[in-house]
Protein chains: 2
Amino acid sequence: MRPEKPEHAFESPRPAPLHGLTDHASTSYDERLNQILEAATGLMAHAGYERASMRAVAKAAGVSLAGLYYYFDSKEKMLFLIQFRTFSSLVSSLREKLLGVSDPIEQLRVMIRTHVGYFATNMAALKVCSHELDSLTGDSYEETRRIRREYYDLTRGIIDRIGDVYVHDGTLDRHVATMSLFGMLNWLYRWYDPRHGRSPTGVANQLAAQFLQGLLGKSAI
Amino acid sequence: MRPEKPEHAFESPRPAPLHGLTDHASTSYDERLNQILEAATGLMAHAGYERASMRAVAKAAGVSLAGLYYYFDSKEKMLFLIQFRTFSSLVSSLREKLLGVSDPIEQLRVMIRTHVGYFATNMAALKVCSHELDSLTGDSYEETRRIRREYYDLTRGIIDRIGDVYVHDGTLDRHVATMSLFGMLNWLYRWYDPRHGRSPTGVANQLAAQFLQGLLGKSAI
DNA sequence: TGTATTCGATCGAACGTTCGTTCGCCTTTT
DNA sequence: AAAAGGCGAACGAACGTTCGATCGAATACA
């Protein structure tokens, strides 16, 4: 029997199990779902959303084509789940690391390090998030936009505080500054492979140094 | 009679006309080709390469589906022509504007202004260039990679000279610096619309100021 | 405890659609 | 008369998705 549709767009299709659910059963379901999601992430990162066929995902995940639809309503929901999980975990990871850091300059360093660090351990997922932003439609799109907006607000807030405290230039457009930072970070997947050469820490440090110097300019510190 | 295949991948499929070619005939052919290319560029920028169907391109260009194939061997060649023309004209435009500018700092300002200015008047084309880099395969891919490499080398050369003359930090990875600049610029299509709000000059100036300050740091000027 | 039954999980096969591309024919221009 | 320019119609392949069946394990009942 196929499961019902979920209430919320960001849940996988299976309803809460009706029988007394054992940890093992739930774990098996989640493991399988993650295994599929991971295969899909890899394929979509490599070939792009449209060119990553459900048949290829099924093969890579070791499941039949029809079997995919026990776990996902549609290909688009699958992409949504990838993006939603990645963005959510990135944002919450950033929030955690910001706790206890009060200097906005240090906050920005933490933000950049967190992003680069997250990229280093989740390259494929973050690439899908950067590159397939417009592949979602309707509610799924709105939902991911909401989280991206959270990420923007978080970063923009830091830059605002830096601007208020350290920058008295008057010509600094903070939106432009924020988006240029996201440009640097979201373009990483095009050239940076942490598996050979530069360390994530090194790259993050240079990006942070560059961007901060760019913001602060001649305002010292 | 269908035209033969072109020798070089970056030409349109029609062979040099065998009859005595009049300016008008050639112009008509080129106009039609450009008109199709422009429609395709708009659709691919808006929906992405895979989702922009040849049928939609034909409709938008006011040509029949079959008529497209009089001008293009394939959809991929069409994308290639868009990217090739855009990259070529961007690079040659940059080379022109760099003539007579000897200070590398000013050269970098020119580079950024040129790119942002080009973006402002060719948003769709540059978006297709930024977003569909991996949609080409084989020789077409290699050919665009060659031009992109030219663009990189040009920019990297400027940054190298700035580094040699002004920066004595020793920790500056110039490849990282160059790619972070391309990140800022290639991400523009995600957030910047020159048609309302900020002027291209303003945005370019801020990006240049930020990036240069970021490079130069405490090294003054 | 043994047996019947439900149900989660999975699959092969197919359906309907859309896609890029081609063929053959027509019209217009030279 | 020949060539360039253009089109309707079709082809074959690939796609996302669904249907119906199967099978083992858990559950209910005897």
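Scope of the values below: all heavy atoms of this structure, side chains included, with no hydrogens, waters or symmetry mates.
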Name the pairs: protein N/O against N/O of nucleotides 13-16 of chain D, kept only if under 3.5 Å.
| from | atom 1 | to | atom 2 | distance (Å) |
| --- | --- | --- | --- | --- |
| D:dG16 | OP1 | A:K75 | NZ | 2.6 |
| D:dG16 | OP2 | A:M54 | N | 2.9 |
| D:dG16 | N7 | A:R55 | NH1 | 2.9 |
| D:dG16 | O6 | A:R55 | NH2 | 2.9 |

Salt bridge (Lys or Arg N to Asp or Glu O under 4.0 Å) partners of B:D173, counting only residues at least two apart: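 Counting only residues at least two positions away or on another chain, B:D173 forms a salt bridge (Lys or Arg N to Asp or Glu O under 4.0 Å) with A:R198.
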What is the distance, to the nearest angstrom, from the [atom1] atom on [X] to the [atom2] atom on [N]?
{"X": "B:L33", "N": "D:dG5", "atom1": "CG", "atom2": "P", "value": "11 Å"}
{"X": "B:F72", "N": "D:dG5", "atom1": "CZ", "atom2": "C1'", "value": "14 Å"}
{"X": "A:K77", "N": "D:dT17", "atom1": "NZ", "atom2": "P", "value": "10 Å"}
{"X": "B:D73", "N": "C:dG20", "atom1": "CG", "atom2": "P", "value": "15 Å"}
{"X": "A:Y29", "N": "D:dG24", "atom1": "OH", "atom2": "C1'", "value": "19 Å"}

Is NZ or CZ of B:K75 both nearer than 6.0 Å to the six-membered ring centre of B:Y49 and within 45° of the ring axis?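 Satisfied, under 6.0 Å and within 45°.
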Got a list of side-chain donor-acceptor pairs under 3.5 Å for residues 36-44 of chain A, not counting sequence neighbours?
| from | atom 1 | to | atom 2 | distance (Å) |
| --- | --- | --- | --- | --- |
| A:T41 | OG1 | A:L37 | O | 2.6 |

Selected nucleotide, minimal atom distance to B:Y71 side chain, candidates D:dC19, C:dT22, D:dG5: D:dG5
Donor-acceptor pairs are to be reported for all side-chain atoms of residues 91-100 of chain B against protein atoms at under 3.5 Å, with residues two or more places apart or in another chain.
| from | atom 1 | to | atom 2 | distance (Å) |
| --- | --- | --- | --- | --- |
| B:S92 | OG | B:S88 | O | 3.4 |
| B:S92 | OG | B:S89 | O | 3.4 |
| B:R95 | NH2 | B:E150 | OE1 | 2.9 |

With the threshold set at under 4.0 Å for non-hydrogen atoms, list the residues of residues 36-46 of chain A touching DNA chain D in residue-number order.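 Nucleic-acid contacts, sorted: none.
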Applying side-chain hydrogen bond (donor to acceptor under 3.5 Å, both in side chains) to A:R55 and not counting sequence neighbours gives none
OP1 or OP2 of D:dG6 versus the side-chain N and O atoms of B:Y70: is any pair under 4.0 Å? no
Run the salt-bridge test on B:D134 and A:R190 with the 4.0 Å N-O cut-off and return the result as yes or no. yes
